Amino acid sequence: MRSPRTMKLAVVAASLLMTGTASANSIGLNFVDDGNGGVQNGAADALGATEVAGAPGYRRQNWNNLGRWGQTVTLNNSFGNPIGVTVTWDSNNTWRTGVGTSTGDHKLMHGYLDSTGQANWETVPYQFFWNENKPEVFIKGLSAWLAGQSGVTQYDVVVYMDGDTTGRIGEYWLQAPGDANDAPQALGSDLTSHVFVRDFGNFSGAYTQAPLSANSVANAADGNYIVFSGLSADSFILRTEERDVRAQINGMQIVPILPEFPDGDVDGDGDVDFADFEAIRDHFQMSVADRSLGDLDGDGFVDFVDFREWKANYPFPSAGAGTNAAAPEPASWILGLAAGLLSLCGHRQRRRRCRESV
């Protein structure tokens, strides 16, 4: 009969043959139906830290739950960590779609920043907090956040919108601030096209993307979210205009566009080799802030998931005939590696964490 340790290593070996999933260090804002300012984690439609919501391809945890207005509020990323990016926002009031809060997606689309039906008033200096210009959202400090992620220089902005009445048309676009104030007192140039979205029905659990080609009232598209892609500005204002009484904002995301590294490539040099393995080994069971330290799946921690991705893709490019670049036979090698990684656990607390991870 095998010892408990041998049996455990066999389980580890089997788990190492599985593949992991990737996640991104993104930012999510959920505007809840609460007239108070600032962070509102106690609202009925606030998303819990582990609740997942978002359109296909953009689903995430650790949403920032925000009330009717706020100024220079520091945001957390999708791992729940503060990142130095701030938000200033305002609306005339909040309201709700009535779709309930049975799932994370319903919570995201339930509450929204409402508006007054008045045309924007672009005075000099610009009045961010005037009712005519609400709702709007100012994001600041993205450059430093992007610089902390290997090879990331651009991001997408996803905007969610769904009101309580169908047929209304809202206009949405991103614009640069014209100064460094928070909130801006001047407006810069547009960063994106203007997209016109028609509220086509209360959220049913399905996301419908409005195309960027919906660039006028006449060709407004049915939808409940927009994706503005390929942005690189340090700050921007999400602006709205009511083309038919309302232009609501239910939530938004800022999602880094990850560089096209081969799967398993830790150091970003375009191949998968033992240098990538060494980064994983040297930072195993550590919290890290960068892919180059072994965090292939982007969850802020180096573990067996990262190793499995490397192993599944080693070597890349594939070894040619007659070379010695092929990976060793997996059975004994994986068991040996598992034993070696467990030996890295050191003192009692770290051993416990290692055991829990395997």
Side-chain angles (χ1 to χ4, degrees), residues 28-47 53 63-73 75 86-101 104-123 126-139 157-175 182-185 187 195-203 210 220 223-226 236-253:
L29 289 69
N30 174 35
F31 296 109
V32 300
D33 182 23
D34 190 311
N36 297 309
V39 176
Q40 296 296 329
N41 289 328
D45 52 343
L47 283 155
W63 288 78
N64 297 271
N65 299 299
L66 306 175
R68 182 187 68 80
W69 72 280
Q71 187 164 13
T72 322
V73 173
L75 295 169
T86 63
V87 58
T88 295
W89 76 100
D90 200 9
S91 66
N92 184 62
N93 61 280
T94 62
W95 200 246
R96 68 202 71 90
T97 60
V99 300
T101 58
D105 292 308
H106 283 81
K107 288 181 177 181
L108 175 61
M109 303 301 286
H110 178 75
Y112 58 84
L113 301 180
D114 207 353
S115 51
T116 63
Q118 304 175 69
N120 289 348
W121 195 350
E122 299 186 0
T123 59
Y126 181 67
Q127 301 296 328
F128 185 92
F129 295 107
W130 281 12
N131 282 340
E132 290 83 355
N133 296 324
K134 302 174 185 177
E136 56 188 334
V137 183
F138 175 52
I139 302 290
V157 174
V158 186
V159 183
Y160 298 92
M161 68 287 294
D162 184 16
D164 65 328
T165 302
T166 61
R168 291 172 173 169
I169 297 174
E171 179 183 358
Y172 301 84
W173 72 101
L174 303 184
Q175 188 165 355
D182 192 358
Q185 297 179 6
L187 295 173
V195 180
F196 295 75
V197 182
R198 181 186 297 105
D199 190 350
F200 68 103
N202 285 345
F203 183 70
N224 51 30
Y225 78 101
I226 305 167
F236 65 80
I237 311 169
L238 167 58
R239 299 199 60 203
T240 64
E241 179 70 287
E242 305 94 319
R243 292 301 179 180
D244 190 0
V245 184
R246 289 292 182 269
Q248 63 280 338
I249 306 173
N250 301 64
M252 60 185 295
Q253 293 172 277

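Hydrogens, waters and symmetry mates are skipped; everything else that's a heavy atom, side chains included, is used. Note that this is a predicted model, so its numbers are computed, not measured.
No donor-acceptor pair closer than 3.5 Å links the side chain of Asp90 to the backbone N or O of Glu136. With Ser115 contributing its side chain and Pro135 its backbone, the two residues share no donor-acceptor pair below 3.5 Å. At distances below 3.5 Å, not a single donor-acceptor pair connects side-chain atoms of Glu171 with backbone N or O atoms of Arg243. In this structure, Asp33 contributes its side chain and Asp45 its backbone to no donor-acceptor pair below 3.5 Å. A donor-acceptor contact shorter than 3.5 Å is absent between the side chain of Arg198 and the backbone of Ile169. Under the 3.5 Å distance criterion, the side-chain polar atoms of Thr88 are matched with a main-chain donor or acceptor of Thr72. When atom types are taken as modelled, the side chain of Glu242 and the backbone of Gly117 share a donor-acceptor pair closer than 3.5 angstrom.
Taking the six-membered ring where tryptophan is involved, the planes of Phe138 and Phe128 are perpendicular, since the angle between them exceeds 60° and thus also 30°.
Atom CZ of Arg239 and atom CG of Leu174 lie 11.0 Å apart (nearest 0.5 Å). For the atom pair CG of Leu108 and OG1 of Thr101, the computed distance is 12.5 Å after rounding to the nearest 0.5 Å. A distance of 11.5 Å separates NE2 of His110 from CG of Leu47, quoted to the nearest 0.5 Å. The CD atom of Glu241 sits 10.5 Å away from atom CD of Glu132, with the distance rounded to the nearest 0.5 Å.
For the residue pair Asn202/Thr97, the side-chain donor-acceptor check at 3.5 Å is not satisfied. Side-chain contact annotation: Asn131 with Thr116, donor-acceptor N/O pair under 3.5 Å absent. Using modelled atom types, one finds no donor on one side chain facing an acceptor on the other under 3.5 Å when comparing Asn92 with Asp114.
Taking the ring-ring contact (aromatic ring centres under 6.0 Å, His included) definition, one finds that Phe203 meets it with His106, Tyr207, sequence neighbours left out. Judged as a ring-ring contact (aromatic ring centres under 6.0 Å, His included), and not counting sequence neighbours, the contacts of Trp173 are His194.
Residues Asn41 and Ala46 come closest through the heavy atom pair O-CB, 3.4 Å. Closest approach of Trp63 to Met252, counting heavy atoms only: CZ3-O, 3.8 Å. Taking each heavy atom of Asp162 and Asn250 in turn, the nearest pair found is N-OD1, 2.6 Å. Nearest heavy atom pair, residue Tyr172 against residue Gln248, reads OH-O, 2.7 Å. For Thr94 against Asp34, the heavy-atom pair with the smallest separation is OG1-N, 3.2 Å. When every heavy atom of Gly223 is checked against every heavy atom of Phe200, the shortest pair comes out as N-CD2, 3.3 Å.
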Check: Given Ile139 and Leu238, is the side-chain contact (heavy atoms from CB on, under 4.5 Å) satisfied, shown in steps?
Finding: CA-CA 8 Å; Ile139 302 290; Leu238 167 58; over 6 Å; no
Next item on the list: Go through Met161 and Ile226 one step at a time and tell me if the side-chain contact (heavy atoms from CB on, under 4.5 Å) criterion holds.
Entry: CA-CA 8 Å; Met161 68 287 294; Ile226 305 167; 3.5 Å; yes
Note to self: side-chain contact (heavy atoms from CB on, under 4.5 Å) for Tyr126 and Asn133? Distances and angles first, verdict last.
What the structure shows: CA-CA 9 Å; Tyr126 181 67; Asn133 296 324; 3.4 Å; yes
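Taking 4.5 Å as the limit, some side-chain heavy atom of Phe31 sits within range of a side-chain heavy atom of Val137. Between Thr165 and Arg246, the closest side-chain pair of non-hydrogen atoms is not below 4.5 Å. Proximity of Met109 to Tyr160: side-chain heavy atoms (C-beta onward) are separated by under 4.5 Å at one or more points. Within the 4.5 Å cutoff, the side chain of Phe129 has heavy atoms near those of the Gln71 side chain. Here the side chains of Val39 and Leu66 are in contact, with some heavy-atom distance below 4.5 Å. Between Leu187 and Ile237, the closest side-chain pair of non-hydrogen atoms falls below 4.5 Å.
Residue Trp130 places its CH2 atom among more than 12 non-hydrogen atoms of other residues, nucleotides or ligands, all under 6.0 Å distant.
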